[in-house]
Amino acid sequence: MFGAFIAGSMIPANHKIRKIIIGKFQDVSTLFLLPLFFSDSYAADFSTQMES
């Protein structure tokens, strides 16, 4: 949460640059971080089920 605040405060006030930077962050989070989150949560759930 604190890291998101710092990242938001570092984005420049220029609207065009802000739009470009936010678009790049959305691309990275959608293409890389979201599938990584779901695969990790599936693996954690699968390993919990195997222990039972």
Side-chain angles (χ1 to χ4, degrees):
M1 188 87 123
F2 184 70
F5 172 75
I6 295 297
S9 65
M10 289 175 28
I11 293 178
N14 186 345
H15 184 68
K16 290 180 182 180
I17 295 173
R18 180 181 295 228
K19 196 170 187 178
I20 292 169
I21 291 173
I22 290 173
K24 298 292 183 183
F25 277 126
Q26 286 177 344
D27 291 343
V28 169
S29 64
T30 303
L31 295 175
F32 180 70
L33 297 178
L34 192 63
L36 187 64
F37 168 76
F38 282 115
S39 65
D40 182 54
S41 62
Y42 175 77
D45 185 46
F46 184 72
S47 66
T48 304
Q49 289 178 357
M50 294 298 289
E51 290 176 1
S52 300

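Only heavy atoms go into these numbers, but all of them, side chains included; no hydrogens, no water, no symmetry mates. Note that the structure is a prediction, hence the values are computed from the model and not measured.
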**Q.** Residues that Ile21 engages under side chain to side chain contact (heavy atoms under 4.5 Å, CB included), provided they are two or more places apart
**A.** Ile11, Pro12, Ile17, Phe25
Q) Atom CE of Met10 and atom CD1 of Ile6: how far apart are they, to the nearest 0.5 Å? A) 8.0 Å
Q: Under the side chain to side chain contact (heavy atoms under 4.5 Å, CB included) rule, collect the residues that match up with Leu33, sequence neighbours excluded.
A: Ser29
